[in-house]
Q: 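Structure in structure tokens, see below.
Both backbone and side-chain heavy atoms feed into the values below; hydrogens, waters and symmetry mates do not. We count residues from 1, following the sequence as given.
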Amino acid sequence: MGGMELRHLRYFAAVAEALNFSRAAARLHVTQPALSRQIRDLEEELGCRLLQRGPNARTELSPEGRHFLAGAQEILAAAERLTAGVRSHGARLRLGHYGVLWMDYFTPVLRRFTRRHPKVELQLVELTPRELAAGLRRGEIDLALVGLTDAAMKKEFHTRQVAAFPAQLALAATHPLAKRRKLRFADLRDADWATWDEKEFPGRKQMLLDACRAAGFRPRIVLETDSMASLFVHVVTRNVVGHVIPQARQMPHAGVVFTAIDPPTAMTSRMQVAWRKHEPRGVLIEELVDAMATFAALPV
């Protein structure tokens with residue numbers, strides 16, 4: 001666990017009050033396995049058991065759990081007072097992102113957040129993936145949808161994964177394998193590949209290299225690109241294979257077909273949020289990040 005966060009306190013308090021994981025999960029709008037995992041992470045972080053099974057398999061607080069609950073409730077109450085103060089006085093949150101696809105995906109979350117905080121001005125700032133970390137450092141944005149993060153970024157900022165989806169392959173409709181509903185990477189060992197510019201999309205090219213290495217070959221990469229539109233043009237005109245996020249099909253893609261990867265875990269598209277440590281609006285940011293993660297975890 002990367003450190004205790006307010007969400008861990010909220011989850012624990014909900015279970016402690018309900019003394020039932022199913023009811024607490026329903027109240028929090030999360031799945032029961034996800035809630036159980038968060039409680040386990042919290043107990044590992046603290047080095048003690050907070051909950052225990054009592055008679056008739058009933059969930060009960062341990063002595064450490066009762067002590068911890070009192071402190072957790074105080075912190076949550078203080079956080080709620082701080083959030084209420086922000087709501088009453090107004091604030092501005094600048095959310096950095098690198099394109100409309102993820103923004104479109106998270107639109108329901110952003111809409112609910114602005115309704116809950118009508119005096120908070122939520123600004124969307126579009127930057128390249130490379131520019132997002134620099135924007136955080138310079139204070140030009142308050143949080144950022146950053147895709148992949150490395151160890152250095154996780155050390156510098158708070159980070160949290162909010163979504164993960166199986167990646168898809170983009171092929172020309174005329175490609176010999178275009179009619180296949182699923183493709184293994186091994187099926188494409190002789191293909192020419194288009195991938196993402198490492199300077200603009202750090203880590204994306206490595207995803208392809210890792211997936212192909214696991215399938216026993218090194219991909220023949222013939223070009224790198226920095227935009228989805230450019231990738232689609234190359235897929236159609238040069239008969240290369242590209243790898244994209246599932247939301248890519250929402251963009252115009254004449255002549256391009258999308259194919260699932262078998263198995264789905266062979267390549268995963270991840271979205272993470274980063275924000276500065278010791279951020280004064282941290283409570284508000286964490287609420288938005290929590291909402292994003294909860295939304296992405298809901299069944300489609």
Side-chain angles (χ1 to χ4, degrees), residues 97-106 126-133 144-150 153 161-272 296 300:
H97 66 98
Y98 58 84
V100 298
L101 292 178
W102 282 109
M103 284 296 91
D104 183 66
Y105 176 75
F106 282 118
E126 185 168 357
L127 299 169
T128 68
R130 181 182 59 176
E131 295 169 336
L132 287 168
L145 286 165
V146 293
L148 301 175
T149 55
D150 56 19
M153 193 166 189
Q161 180 174 298
V162 293
F165 300 100
Q168 294 188 345
L169 300 173
L171 298 87
T174 55
H175 193 285
L177 297 175
K179 292 184 179 180
R180 298 267 296 272
R181 294 182 62 186
K182 295 181 180 180
L183 286 170
R184 298 171 301 156
F185 276 99
D187 298 328
L188 297 159
R189 63 173 61 247
D190 296 323
D192 289 335
W193 286 87
T195 190
W196 297 93
D197 185 302
E198 184 63 23
K199 292 181 180 178
E200 296 298 334
F201 292 88
R204 294 290 181 84
K205 179 179 179 180
Q206 191 61 47
M207 286 171 56
L208 174 63
L209 294 173
D210 291 344
C212 292
R213 184 183 301 113
F217 71 99
R218 183 175 179 84
R220 186 166 60 245
I221 297 173
V222 297
L223 64 92
E224 299 181 17
T225 183
D226 61 1
S227 79
M228 193 73 72
S230 173
L231 176 73
F232 289 163
V233 169
H234 290 306
V235 164
V236 173
T237 60
R238 300 183 60 175
N239 215 30
V240 296
V241 179
H243 54 104
V244 297
I245 60 176
Q247 290 81 4
R249 62 177 62 245
Q250 298 172 23
M251 293 187 65
H253 55 273
V256 177
V257 297
F258 301 96
T259 302
I261 298 171
D262 184 24
T265 53
M267 180 185 282
T268 303
S269 298
R270 304 181 189 278
M271 177 53 63
Q272 301 191 51
V300 251

Q: Identify the two heavy atoms, one from Met267 and one from Ile261, that lie closest to each other, and give their separation to 0.1 Å.
A: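 Distance-wise, the nearest heavy atoms are CB-CD1, 4.1 Å.
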Q: Quick one: side-chain contact (heavy atoms from CB on, under 4.5 Å) partners of Ala144, sequence neighbours excluded?
A: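 Per chain and number, Ala144 pairs via side-chain contact (heavy atoms from CB on, under 4.5 Å) with Leu132, Leu136, Ile141, Val146.
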Q: Excluding sequence neighbours, so at least two apart, what forms side-chain contact (heavy atoms from CB on, under 4.5 Å) with Ala163?
A: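 Expected list: Trp102, Phe106, Phe165, Met271, Ala296.
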Q: Got a second to check how far Met207's CE is from Leu148's CG, nearest 0.5 Å?
A: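 So the gap between those two atoms works out to 6.0 Å.
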Q: List the residues meeting side-chain contact (heavy atoms from CB on, under 4.5 Å) with Glu126, not counting sequence neighbours, and say none if there are none.
A: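 If we apply the side-chain contact (heavy atoms from CB on, under 4.5 Å) test to Glu126, skipping adjacent residues, the hits are His97.
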Q: About how many Å separate CG of Leu101 and OG of Ser269, when rounded to the nearest 0.5 Å?
A: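 If we round to the nearest 0.5 Å, Ser269:OG and Leu101:CG are 11.0 Å apart.
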Q: Output every pair passing salt bridge (Lys or Arg N to Asp or Glu O under 4.0 Å) with a member in residues 217-226, not counting sequence neighbours, ordered by first then second residue.
A: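 Qualifying pairs: Asp192-Arg220, Lys205-Glu224.
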Q: Could you give the side-chain donor-acceptor pairs of residues 175-187 under 3.5 Å, partners two or more places apart or in another chain?
A:
unit_1: His175; atom_1: ND1; unit_2: Leu177; atom_2: N; d: 3.0
unit_1: Arg180; atom_1: NH2; unit_2: Asp187; atom_2: OD2; d: 3.0
unit_1: Arg184; atom_1: NH2; unit_2: Asp187; atom_2: OD1; d: 3.0
unit_1: Asp187; atom_1: OD2; unit_2: Arg184; atom_2: N; d: 2.9

Q: Got a second to check how far Leu169's CG is from Asp262's CG, nearest 0.5 Å?
A: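 Separation between the atoms: 10.5 Å.
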Q: Under the ring-ring contact (aromatic ring centres under 6.0 Å, His included) definition, can you give me all pairs with a residue in residues 198-232, not counting sequence neighbours?
A: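 Matches after skipping sequence neighbours: Tyr98-Phe201, Trp196-Phe201, Phe232-Phe258.
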Q: Between CG of Leu171 and CG of Leu188, what distance do you get to the nearest 0.5 Å?
A: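 Going from CG on Leu171 over to CG on Leu188, the span is 6.5 Å.
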Q: Holding to side chain to side chain donor-acceptor pair (under 3.5 Å), I want the full list of residues that pass it with Thr259, two or more places apart in sequence or in another chain.
A: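 With sequence neighbours excluded, Thr259 shows a side chain to side chain donor-acceptor pair (under 3.5 Å) to no residue whatsoever.
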Q: State which residues pass side chain to side chain donor-acceptor pair (under 3.5 Å) with Thr149; sequence neighbours excluded, sorted by chain then number.
A: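 So Thr149 forms a side chain to side chain donor-acceptor pair (under 3.5 Å) with Gln272.
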Q: Considering non-hydrogen atoms only, spot the tightest contact between Ala172 and Asn239 and give its length.
A: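 Smallest interatomic distance, heavy atoms only, reads CB-OD1, 3.6 Å.
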Q: Rounded at 0.5 Å granularity, tell me how far OG1 in Thr195 sits from CD1 in Ile221.
A: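 Answer rounded to 0.5 Å: 5.5 Å.
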Q: Under 3.5 Å, which donor-acceptor pairs do the side chains of residues 244-257 form with other protein atoms, sequence neighbours left out?
A:
unit_1: Arg249; atom_1: NH2; unit_2: Gln168; atom_2: OE1; d: 3.0
unit_1: His253; atom_1: ND1; unit_2: Arg249; atom_2: O; d: 3.4
unit_1: His253; atom_1: ND1; unit_2: Met251; atom_2: O; d: 2.6

Q: For a quick test of reading the model, state the closest non-hydrogen atom pair linking Pro202 to Pro129 and the distance between them.
A: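 Answer, listing the atom of Pro202 first, then Pro129: CD-CB, 4.2 Å.
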Q: With sequence neighbours left out, write down each residue that passes salt bridge (Lys or Arg N to Asp or Glu O under 4.0 Å) with Arg213, or none if nothing qualifies.
A: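 Arg213: salt bridge (Lys or Arg N to Asp or Glu O under 4.0 Å) contacts with Asp210.
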Q: Name all residues meeting the side-chain contact (heavy atoms from CB on, under 4.5 Å) criterion together with Thr265; count only those two or more places apart in sequence or in a different chain, and write none if there are none.
A: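 Residues passing side-chain contact (heavy atoms from CB on, under 4.5 Å) with Thr265: Pro263.
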Q: Which is it for Asp150 and Met153 under the side-chain contact (heavy atoms from CB on, under 4.5 Å) test, yes or no, and what are the steps along the way?
A: CA-CA 5 Å; Asp150 56 19; Met153 193 166 189; 3.3 Å; yes
Q: Of all residues at least two apart in sequence or in a different chain, which pass the side chain to side chain donor-acceptor pair (under 3.5 Å) check with Arg130?
A: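 Arg130 satisfies side chain to side chain donor-acceptor pair (under 3.5 Å) with Glu200 once adjacent residues are dropped.
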